[in-house]
Protein chains: 2
Amino acid sequence: MELRHIRYFLAVAEELNFTRAARRIGIGQPPLSNQIRDLEEEIGASLFRRMPHGAELTQAGQVFLPEARAIVAKAEQAKALALRAARGELGRLRIGFTGSAAFSPIVPSSVRSFRRAYPEIDLTLEEAYTTRLLERLGAEELDAVFIRPGHADPPSFRSHTLAEEAMMIALPSGHPLAGAESLPLSALSGEPFVLFPRTAGPGLFDRIVAACRQAGFEPILGQVAPQITSIANLIAVELGVSVVPSAIAQIRVPGVTYIAIAGDGPVARLTLATRREERSAVVQNFIARVLAAKVELV
Amino acid sequence: MELRHIRYFLAVAEELNFTRAARRIGIGQPPLSNQIRDLEEEIGASLFRRMPHGAELTQAGQVFLPEARAIVAKAEQAKALALRAARGELGRLRIGFTGSAAFSPIVPSSVRSFRRAYPEIDLTLEEAYTTRLLERLGAEELDAVFIRPGHADPPSFRSHTLAEEAMMIALPSGHPLAGAESLPLSALSGEPFVLFPRTAGPGLFDRIVAACRQAGFEPILGQVAPQITSIANLIAVELGVSVVPSAIAQIRVPGVTYIAIAGDGPVARLTLATRREERSAVVQNFIARVLAAKVELV
DNA sequence: TTTGTTCATATCTTAAAGATATCACGCTGC
DNA sequence: GCAGCGTGATATCTTTAAGATATGAACAAA
């Protein structure tokens, strides 16, 4: 059985006349009769009662009619759905982001904008460290990740720089320096640093350490924060000081004071990474939305 | 697009390898590649990403996959449904019956038995006069009718005799003859008869009149009953007497007494009529059930 | 009866599905 | 680095089956 048989059946069922149905399809009457006969043989039942005046549906034909219509409609729909999926209007997008990226306005605003523009895309959001995100991106478990990149981008990924954020010093409010307007990074020499594990995000980690060295001291690594968002809480209980992207400084935790860095401070880059061989229209559309949001937010 | 394209797509989507899929289908790899290419061109999107190791589904392909499965399944189902309909297991049966037939045990019992045996047949039951039932049967608005036939069966119908019921005299309980064990029909001469209109069921009507004439008198036609079931009510208010099939005598209405007819009384035949050219398996199955019920009820 | 429908049958043509042979590409293993 | 294997694509030929054309049989209406 082929869709042709079903389409021909529908024509005859609607015209109740082989000759007219054949004309409507654009073939001759004998081949149409043949095709219907073949269909009936395959089903094992006759679908039409042939009369001198035309044809009428048998009970089998009457039952087959709505099914036939549904099949043809479903085939059309399948075609349309596949095309929409190819255009990136339909499908799935798995986004990853680091804890700190979530606080950069471009991340929530671009995700929101994409969601509105493509409501039929099944969105998944997942938070993890930069390292883990890149692993999952490479394993095709994620499609696009917002990360804090290192100096060298891995060649199998494509990176889009979204922001170069200044960083700020985070101090316990009771700290002697907490009242300052701004401080040079060197003011933190001798203070224990509360930082995330280097393996979680070597890019940002190394930038902070490098900036300290440039400022003339080696940072003392103290308490390790399991998540970048928990740094503030550890500082509040006076476990040390830190340097965080200014986006993170939005988290106003009682007992923590943020102070601008005077002079050349470290810069936290935020990028969107995708697989270099990525062809999917969904991801392309998402990249376009994110870059549009970047321009808007300037 | 043909079902062939969809079947081939499914094979490749399941094997993720053109060569193996082709082997599974039983054709060569080049024609399979051609068919998939044709399908992709028709849809307007590529469904597979060809790799040196095999193939993988694009987003469009992933969306198309469940649709393709559904289409193939629906086609199989449509075939099976049509076959079941041809076997008379599926479809519709429109049954008609006269008011008096409903009280003959064979009618409810055969309908019930058919309903149990073929639960997926959509049954319609309709009560009307014999004349109207035959009209509707001829117009293909009904498929099988239980009627009280005349002497000559119309040639376009096929009749199955189901029962030859004796008839009984129906009297108001206050009537002087109401106490008798049995009465000859001639006892009713001079009494006004409560009968249904002749046009409603000329067969039964004429039998009653003929029986009266044979008993030596011309029945006086009195009150006309709109339905055979309302004859009893009209007799109860003493509008006359009547002669009814003994099945009807089951309706015990206060104020009505039924008395057996002594000697040669009229006989009420009950038949099942269908169209002579009827081919439908549903109707054939129903006839078989009714005839089986007839044997059982003896 | 004749004429004009209907659909079925028979034969031929043609389009397209499929077979066969070959190629280019990329991975794997020596 | 290069041979060997497995992948899908391309090119050409064959065969199947869809469709065209001509005709026939059955029935209805004029």
Side-chain angles (χ1 to χ4, degrees), chain A residues 1-43 45-58 60-61 68 72 75 138 140 155-156 275-277 279, chain B residues 1-43 45-58 60-61 68 72 75 138 140 155-156 275-277 279:
Chain A
M1 186 161 68
E2 295 294 335
L3 284 181
R4 175 173 18 84
H5 293 114
I6 297 174
R7 284 191 274 258
Y8 290 4
F9 166 81
L10 284 179
V12 179
E14 276 157 24
E15 296 286 345
L16 291 176
N17 178 311
F18 279 70
T19 312
R20 259 180 297 156
R23 212 162 20 227
R24 197 174 96 181
I25 298 168
I27 65 171
Q29 170 262 312
L32 175 60
S33 289
N34 283 338
Q35 293 294 314
I36 298 292
R37 179 176 37 72
D38 292 349
L39 176 61
E40 290 176 324
E41 270 173 25
E42 175 163 358
I43 289 175
S46 59
L47 299 168
F48 294 102
R49 208 169 296 115
R50 277 77 163 171
M51 324 274 279
H53 294 287
E56 57 183 43
L57 286 163
T58 60
V72 170
E140 307 205 25
S156 60
R275 284 181 296 279
R276 185 163 294 282
E277 359 73 72
R279 285 290 118 78
Chain B
M1 187 161 68
E2 293 295 335
L3 284 181
R4 176 175 15 87
H5 293 114
I6 296 176
R7 290 192 204 103
Y8 289 5
F9 165 81
L10 284 178
V12 179
E14 275 157 22
E15 296 286 346
L16 292 177
N17 179 310
F18 279 70
T19 312
R20 258 180 298 153
R23 212 163 17 229
R24 198 174 95 181
I25 299 168
I27 65 170
Q29 170 263 313
L32 175 58
S33 289
N34 284 337
Q35 293 294 314
I36 297 293
R37 179 176 37 72
D38 293 349
L39 177 61
E40 290 176 324
E41 269 172 25
E42 176 164 357
I43 289 175
S46 60
L47 299 169
F48 294 102
R49 208 169 297 114
R50 277 79 163 169
M51 324 274 279
H53 293 288
E56 57 184 42
L57 285 164
T58 60
V72 170
E140 307 205 24
S156 59
R275 284 182 295 279
R276 184 163 295 281
E277 359 70 74
R279 286 289 116 77

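The shown structure was predicted, so the numbers you read here are calculated from the model rather than taken from an experiment. Labels below follow one simple rule: chain letters A, B, ... track the order of the sequence lines, proteins then strands, and each chain is numbered from 1. All values below come from the heavy atoms of this structure, side chains included, with hydrogens, waters and symmetry mates left out.
- Between B:S33 and D:dG8 there is no side-chain N or O to OP1 or OP2 distance below 4.0 Å.
- Nearest heavy-atom pair, A:R7 versus B:E2, reported as atom, atom and distance to 0.1 Å: NH2-OE2, 3.1 Å.
- Contacts with DNA chain C (heavy atom under 4.0 Å) in residues 1-28 of chain A: A:N17, A:F18, A:T19, listed by number.
- Ring orientation note: the planes of A:F48 and A:F9 are tilted relative to one another, at an angle of 30° to 60°.
- One finds the CD atom of A:E40 at 11.0 Å from the NE2 atom of A:H5 (value rounded to the nearest 0.5 Å).
- Distance CZ (B:F48) to P (D:dA9): 11 Å, rounded to an integer number of Å.
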- Message: Would A:R24 and A:E14 count as a salt bridge (charged side-chain N to carboxylate O under 4.0 Å, His left out) here? Give the steps.
- Response: CA-CA 11 Å; A:R24 197 174 96 181; A:E14 276 157 24; 2.8 Å; yes

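- Atom-to-atom distance recorded for A:N34:CG and A:Q29:CD is 9.0 Å, nearest 0.5 angstrom.
- Taking atom CG of B:L39 as the reference point, atom P of C:dA17 lies 12 Å away to the nearest angstrom.
- Computed from coordinates, the A:E56 CD to C:dT6 C1' distance equals 13 Å when rounded to whole Å.
- Across the protein-nucleic acid pair, B:I36 atom CD1 and D:dA9 atom P stand 10 Å apart, rounded to whole Å.
- Side-chain proximity of A:P30 to the nucleotides C:dA10, C:dG26, D:dA9 is greatest for C:dA10.
- Using a 4.0 Å heavy-atom criterion, one finds that B:Q35 contacts the sugar-phosphate atoms exclusively.
- Put simply, CZ on A:R20 and CG on A:L32 are 12.5 Å apart, with the number rounded to the nearest 0.5 Å.
- With DNA chain D read from its 5' end, the first of the two nearest nucleotides for B:P31 and B:G54 is the one closest to B:G54.
- Checking the phosphate oxygens (OP1, OP2) of C:dA8, a side-chain nitrogen or oxygen of A:R50 falls inside 4.0 Å.
- Going from atom CG of B:N34 over to atom C1' of C:dA17 covers 9 Å, rounded to whole Å.
- Going from atom CE of B:M51 over to atom P of C:dT28 covers 12 Å, rounded to whole Å.
- The interatomic distance linking B:R37 (CZ) with D:dA9 (C1') rounds to 9 Å, in whole Å.
- Between the CD atom of A:Q35 and the CD1 atom of A:I25 there is a distance of 9.0 Å, given to the nearest 0.5 Å.
- A:Q29 places its CD atom 14 Å from the P atom of C:dA10, with the value rounded to the nearest Å.
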